[in-house]
Amino acid sequence: MNIFARLKDGLSKTRSQITSIMGGDGRFDDVFFDSLEEAMIAADIGIELATDIIDELKQDLKDCRVTSISEAYELFKAMIVKGLTVTSLPEEFPPKPWVIMVVGVNGVGKTTTIGKLAQELRAKGKTVMLGAADTFRAGAIEQLRIWSERTESDFVAQQEGADAASVAFDAIEAARARETDILILDTAGRLHTKVNLMNELEKILRVIKRNTPHAPNEILLVVDATTGQNAIKQVQVFNESVGLTGLVITKLDGTAKGGVALALTKKFNIPIRKIGVGEGIEDLQDFDPEAYVDAMFGNLG
Ligand SMILES: Nc1nc2c(ncn2[C@@H]2O[C@H](COP(=O)(O)OP(=O)(O)O)[C@@H](O)[C@H]2O)c(=O)[nH]1
Ligand SMILES: [Mg+2]
C-alpha cells in the first residue's frame, strides 16, 4: 500500500461521514451543519475549532451566495487547507553540524521518526549522526543504535543512566570533528516527573547552546495523532520549556483522529514538518495540506 493510501485508510471513517453529509440533498439547515460539526469533533478537531469552522462556513456561504452542496464542499475544504501552516524542514546551511533535537512524551514515535528521518537524509546524500540522549533505558539506546546501522548513520551514546546533556555534548563534538552534515538527538520522554523531564531538556539545550551557539537548528516535537486532544497539552508544555520549531505527527495510519493536525496548527501556529504513517523506514511523509484534507474529508467525484 502506498503512503497516501495508508493515510487515506486511517482517515476513512471521517471521510465517509463527511462525504455522506456532503452528498445529501442539498439543504443548508441545522441538521446539515450539526452533522458536519459532529463529524469534525469525532475526528478530534476539537469543539472550539469545529464551531469556528462552521461559523466561518455559514458566513462564506452567505457572502459567496453558494446554493449547491458541492460548491459548499469545495469552500469548506479550501477553508481548512488555508488554515494549515506547513513548511518542510529547512535545508541545512553551514556551519556543520545542523542539529535536530527531537522531543516528546514516551511512546509517541520519537526514535522511529529519527530512524525514518535519517533514512530520508541519507537518501539525499547527507551524512548523519544519531545521538542517544534518551539515557533513561538501555533499550532506548539500543533501539537508536539499530536505526543507525540500518541507515548507515554514525552513532554516539553513553551507558544507561548517563547525563543526557553530556551525551548531547559528546555527540556535537563528534559530529563537528567528523564534519557530519546532520546530527539528530533523541531525548527521553519519561522521567520521574514532568519537572524532571523539562529540567533535563532545558539542560541539554543549555549545554548545546554554550558549545555551539547556532544549534539546535530544529527542535521537533513528536505527537501521536491517536492521543487526541491531549496532544494540545503536550505542545503547550514542551513549547514553553524548550521552544519548538516544528511538529511531527505520527500514527496517522489507522486513526480516525486526524483532526488533531488542524487543532494544533490553529492553536499554536507551529509548522507541521512531517507526518508518520506506519512503522516502516519509508513511512515518513512531508505534510501536504491539500492531499491531507482530501484524505480526511474526501471528494464527491
Ligand atoms: N502505526 C504507526 N506506528 C508508529 C509510528 N511511529 C512510531 N510507531 C510505533 O510506535 C511505537 C513507539 O515508537 P518509539 O519510536 O519507540 O517511540 P518513542 O518512545 O517516542 O521513542 C513503536 O512500536 C513504533 O513502531 C507511525 O507513524 N505509525
Ligand atoms: Mg525512544
Side-chain angles (χ1 to χ4, degrees), residues 1-13 44 100-120 130-151 153 155-158 160-162 164 167-168 171 184-192 194 197-198 200-201 204 219-228 230-231 233-235 237-238 242 244 246-258 260-261 264 272-288 291-292 295-296:
M1 211 194 303
N2 73 32
I3 285 178
F4 186 60
R6 204 157 328 149
L7 174 59
K8 279 189 119 161
D9 202 46
L11 299 174
S12 66
K13 197 168 140 221
D44 244 334
I100 302 174
M101 181 169 159
V102 177
V103 300
V105 303
N106 211 42
V108 290
K110 288 182 297 299
T111 307
T112 308
T113 297
I114 290 169
K116 295 170 180 173
L117 199 56
Q119 171 77 0
E120 188 184 304
L130 307 183
D134 177 359
T135 60
F136 196 62
R137 282 183 307 117
I141 300 171
E142 178 60 12
Q143 190 189 354
L144 192 70
R145 192 190 60 73
I146 292 168
W147 278 111
S148 76
E149 278 183 4
R150 288 182 75 183
T151 59
S153 300
F155 180 63
V156 170
Q158 294 177 16
E160 179 184 347
V167 176
I184 312 178
L185 289 174
D186 198 5
T187 63
R190 182 181 50 198
L191 292 180
H192 302 294
K194 191 180 84 186
L197 176 58
M198 294 306 150
E200 174 167 297
L201 294 176
I204 294 174
I219 302 178
L220 297 180
L221 177 73
V222 179
V223 289
D224 172 345
T226 65
T227 54
N230 191 19
K233 187 75 195 162
Q234 291 169 18
V235 177
V237 169
F238 280 91
V242 291
L244 304 172
L247 303 176
V248 176
I249 302 181
T250 57
K251 309 191 192 182
L252 276 167
D253 50 312
T255 176
K257 304 273 185 195
V260 75
L264 292 177
I272 297 169
R273 302 290 203 202
K274 292 279 173 192
I275 59 173
V277 292
E279 300 188 76
I281 195 161
E282 306 284 350
D283 295 332
L284 191 71
Q285 273 192 303
D286 285 337
F287 186 65
D288 172 349
Y292 186 75
M296 185 154 165

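In listed order, ligands and their atoms are each counted from 1.
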Practice task
Would you tell me which option among K251, E279, R137 has the nearest heavy-atom contact to atom 10 (O) of ligand 1?
Solution key: K251

Exercise for the section: Tell me which protein heavy atom sits closest to atom 17 (O) of ligand 1, plus the residue, atom name and distance to 0.1 Å. Expected result: G109 N, 3.0 Å

Fill in the blank from the handout: Here the pair of heavy atoms bringing A157 nearest to I141 is CB-CG2, 3.7 Å

Practice task
Report yes or no: does T187 contribute a side-chain atom to a donor-acceptor pair with the main-chain N or O of A133 at less than 3.5 Å?
Solution key: no

Practice task
Using distance alone, determine whether L252 and ligand 1 share an N or O pair under 3.5 Å.
Solution key: no

Practice task
Grab the two heavy atoms, one from G228 and one from D44, that are nearest each other, plus how far apart they are.
Solution key: CA-OD2, 2.9 Å

Practice task
Check for a donor-acceptor pair, side chain of K251 on one end and backbone N or O of G276 on the other, with a separation under 3.5 Å.
Solution key: no

Completion exercise
Short version for T112: what comes under 4.0 Å of ligand 1, heavy atoms counted, is both

Exercise for the section: Quick one: look up the protein heavy atom nearest atom 26 (C) of ligand 1 and list residue, atom name and how far away it is. Expected result: G278 O, 3.2 Å

Problem - Qualifying residue, where the test is side chain to side chain contact (heavy atoms under 4.5 Å, CB included) with L221 and the options are V235, V242, L264, V237 - result: V235

Problem - Nearest neighbour of atom 6 (N) of ligand 1 from the list K116, Q143, Q285, R190, on a heavy-atom basis - result: K116

Exercise for the section: Output yes when a side-chain donor or acceptor of K274 lies under 3.5 Å from a complementary backbone atom of L284, and no otherwise. Expected result: no

Exercise for the section: Say whether T111, considering both its backbone and side-chain N or O atoms, lies within less than 3.5 Å of an N or O atom on ligand 1. Expected result: yes

Exercise for the section: Check whether any N or O atom of K110, backbone or side chain, sits under 3.5 Å from an N or O atom of ligand 1, and answer yes or no. Expected result: yes

Exercise for the section: Please confirm whether D186 comes within less than 3.5 Å of ligand 1 when only nitrogen or oxygen atoms on both sides are compared. Expected result: no

Problem - Heavy-atom nearest neighbour in the protein, as seen from atom 1 (N) of ligand 1, with distance rounded to 0.1 Å - result: D253 OD2, 2.7 Å

Problem - Heteroatom N/O/S of Q143 within less than 2.8 Å of the Mg ion (ligand 2) - result: no

Problem - Side chain, backbone, both or neither: the part of V277 lying under 4.0 Å from ligand 1 by heavy atom - result: backbone

Problem - Numbered atoms of ligand 1 (with element) below 4.0 Å of G276, judged on heavy atoms - result: 27 (O)

Practice task
Say whether G107 and ligand 1 are in contact under the criterion: heavy-atom distance to a ligand atom below 4.0 Å.
Solution key: yes

Handout entry: Atoms of ligand 1 close to N106 [distance to a heavy atom under 4.0 angstrom, numbered from 1]
Key = 19 (O)

Problem - Donor-acceptor contact present, side-chain T250 to main-chain V108, <3.5 Å - result: yes

Practice task
Could you tell me whether E120 and K116 have a side-chain N and a carboxylate O separated by less than 4.0 Å?
Solution key: no

Handout entry: Minimum-distance pair of heavy atoms, taken over all atoms of G189 and K110
Key = CA-NZ, 3.9 Å

Exercise for the section: Check whether any side-chain N or O of D186 sits under 3.5 Å from a backbone N or O of D134 as a donor-acceptor pair, and report yes or no. Expected result: no

